[in-house]
Number of protein chains: 2
Amino acid sequence: MSRPAGLAGDPLEFAVMTEISIIAHLADNAFARRLPDGLTTAQFAVLNHLLRLETQQTIGELARALQVSQPTMSSTVKKLEEKRLVTLVPDPDDRRIRRVSVSPAGTKARNKAVKALDATKSEPAVLSQKEWKQLLPLLNRLRVSLDSAR
Amino acid sequence: MSRPAGLAGDPLEFAVMTEISIIAHLADNAFARRLPDGLTTAQFAVLNHLLRLETQQTIGELARALQVSQPTMSSTVKKLEEKRLVTLVPDPDDRRIRRVSVSPAGTKARNKAVKALDATKSEPAVLSQKEWKQLLPLLNRLRVSLDSAR
DNA sequence: AGATTTTATATAGATATCTATATATCATCA
DNA sequence: TGATGATATATAGATATCTATATAAAATCT
C-alpha cells in the first residue's frame with residue numbers, strides 16, 4: 001500500500017501539502033464566486049462531468065466519480081432537478097435506478113458558466129506552460145497514491 | 001493583478017487544478033481519520049500554528065493566518081476551549097480582545113497527534129525528495145498569486 | 001419459490017463552514 | 001469631550017457536507 005504522503009513529519013512534504021490545501025481552498029472560492037445563476041461548484045461539476053462525457057449516470061456513479069458521499073450527491077442532484085437543469089430518467093430494467101440527464105437548460109447554464117470562467121483567461125498567466133506541464137504528472141501520481149491508500 | 005489561474009479554459013491548467021482539488025480532499029480526509037481525541041483538522045491547525053510559532057494570537061489573527069472566516073475561527077476556538085485545550089487570555093489594554101493560548105493539555109494533544117501522524121512515515125514515499133522539492137516553488141507561486149487575486 | 005444478501009437511493013441528525021448583522025470597545029476628530 | 005467611525009468578537013441563519021440508517025428493489029442461494 002502506498003503512503004498517504006505528507007501528512008506530517010517531513011517538513012518538505014508537509015509544506016507541499018499545505019500549499020495544495022490552501023490553493024484548493026482559494027481556487028474553490030474564486031471558482032464559486034464566478035459561477036452564474038447561483039450554481040454551486042458541486043452543481044457545476046455534475047453538469048460539466050455529464051456533458052464532457054456526453055452520458056447519463058446514476059447518483060452512485062456520480063458520487064464515486066466526483067468523490068463525494070452518495071447522500072451528498074443525492075442532495076446535489078435534487079437541487080439541480082429543482083432548478084430544472086437535469087431530469088431523472090427511470091431505468092426500465094431496474095426500478096431502483098434513475099439516471100441523471102442534463103436538460104437543455106442545464107446545458108445552457110453550464111456553457112454560460114464556462115464562458116464566465118473563460119473570461120478570466122485574458123489575465124496574465126501565473127505559471128508558464130512548461131511549468132503547468134511539469135506539475136501535472138507529479139500531482140497525478142500523488143493523487144493516485146492517496147486515492148489507493150483510502 | 002495576477003490571474004486566478006486554471007479556473008477554466010486551458011485543459012492543462014484545468015487538469016492541474018482538478019488534481020490539486022482532489023489531493024486536498026483526500027489528504028484532508030486521511031489526516032482527519034488519523035487525528036486522536038476527536039480533534040478536527042481545524043482544531044489541530046490552530047494548536048499546531050500557535051505552538052510552532054510559540055505565540056498567542058487573537059481570533060482575528062488566527063482566522064487570517066489559517067484562511068477561514070472570523071466566525072468560523074470563533075467557533076473552532078470555542079470548541080478548543082470547551083475541551084480545555086486552550087485558554088483565552090484577556091488583554092489588559094483592549095477589552096475587546098482575548099488571546100488564544102494553548103494549555104498544557106493542548107500541547108499534549110497536539111504532540112500526540114503529531115506522533116500519530118508521524119507513524120505513517122514508515123510507509124514508502126510516493127514521490128522522491130527531488131520531486132517534492134520541485135513541486136514546492138511552483139505551488140508556492142500559484143498560491144501567492146491566487147491569494148493576491150482575492 | 002421463498003429467504004437472504006446485495007445494491008441504489010433516501011432520510012435523519014450532526015458538524016463545519018459561510019454571509020450578514022449585532023454588540024462592545026477603542027480611536028479619531030471637530 | 002462627545003459624536004462618529006473603525007475594530008474585535010459573537011450571534012443568527014443558511015448551506016454543504018458527513019455518517020448512520022431506513023427503504024425499496026434486485027440478485028442469489030438453498
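In what follows, chains carry the letters A, B, and so on, assigned in the order in which the sequence lines appear, proteins first and then strands, with residues in each chain numbered from 1. As the structure is a prediction and not an experimental result, all values here were calculated from the model.
Side-chain to base pairing of A:Q70 with C:dA10: one donor and one acceptor N or O lie within less than 3.5 Å of each other. If you check distances only, the side chain of B:R96 does reach the base of D:dT7 with a donor-acceptor pair under 3.5 Å.
If you check C:dA16, D:dA16, C:dC18 against the side chain of B:Q43, the one that comes closest is C:dA16. Nearest to the side chain of A:K78, among C:dT11, C:dC18, D:dT11, sits C:dT11. With C:dA16, D:dC18, C:dT9 as the candidates, the nucleotide lying closest to the side chain of A:I97 is C:dT9. Minimum atom distance to the side chain of B:R98 is reached by D:dA10, of the listed D:dA10, C:dC18, D:dC18.
Screening B:K79, B:R110, B:K83 for a side-chain hydrogen bond (donor to acceptor under 3.5 Å, both in side chains) involving B:Q43 leaves a single residue, B:K83.
Look at A:R95 and you won't find any side-chain N or O under 4.0 angstrom from OP1 or OP2 of D:dA24. Remark: B:S75 is not in phosphate contact with D:dT11, judged by side-chain N or O atoms under 4.0 Å from OP1 or OP2. Within the 4.0 Å cut-off from OP1 or OP2 of C:dT17, at least one side-chain nitrogen or oxygen of B:T76 is found. The phosphate of C:dA16 has OP1 or OP2 within less than 4.0 Å of a side-chain N or O from B:K79. Contact between the side-chain N/O atoms of A:S69 and the OP1/OP2 oxygens of D:dT17 is not found at any separation under 4.0 Å. One finds a side-chain N or O of A:T58 lying less than 4.0 angstrom from the OP1 or OP2 phosphate oxygen of C:dT9.
Both A:D94 and A:P71 sit near DNA chain D, but only A:P71 has its closest nucleotide nearer the 5' end.
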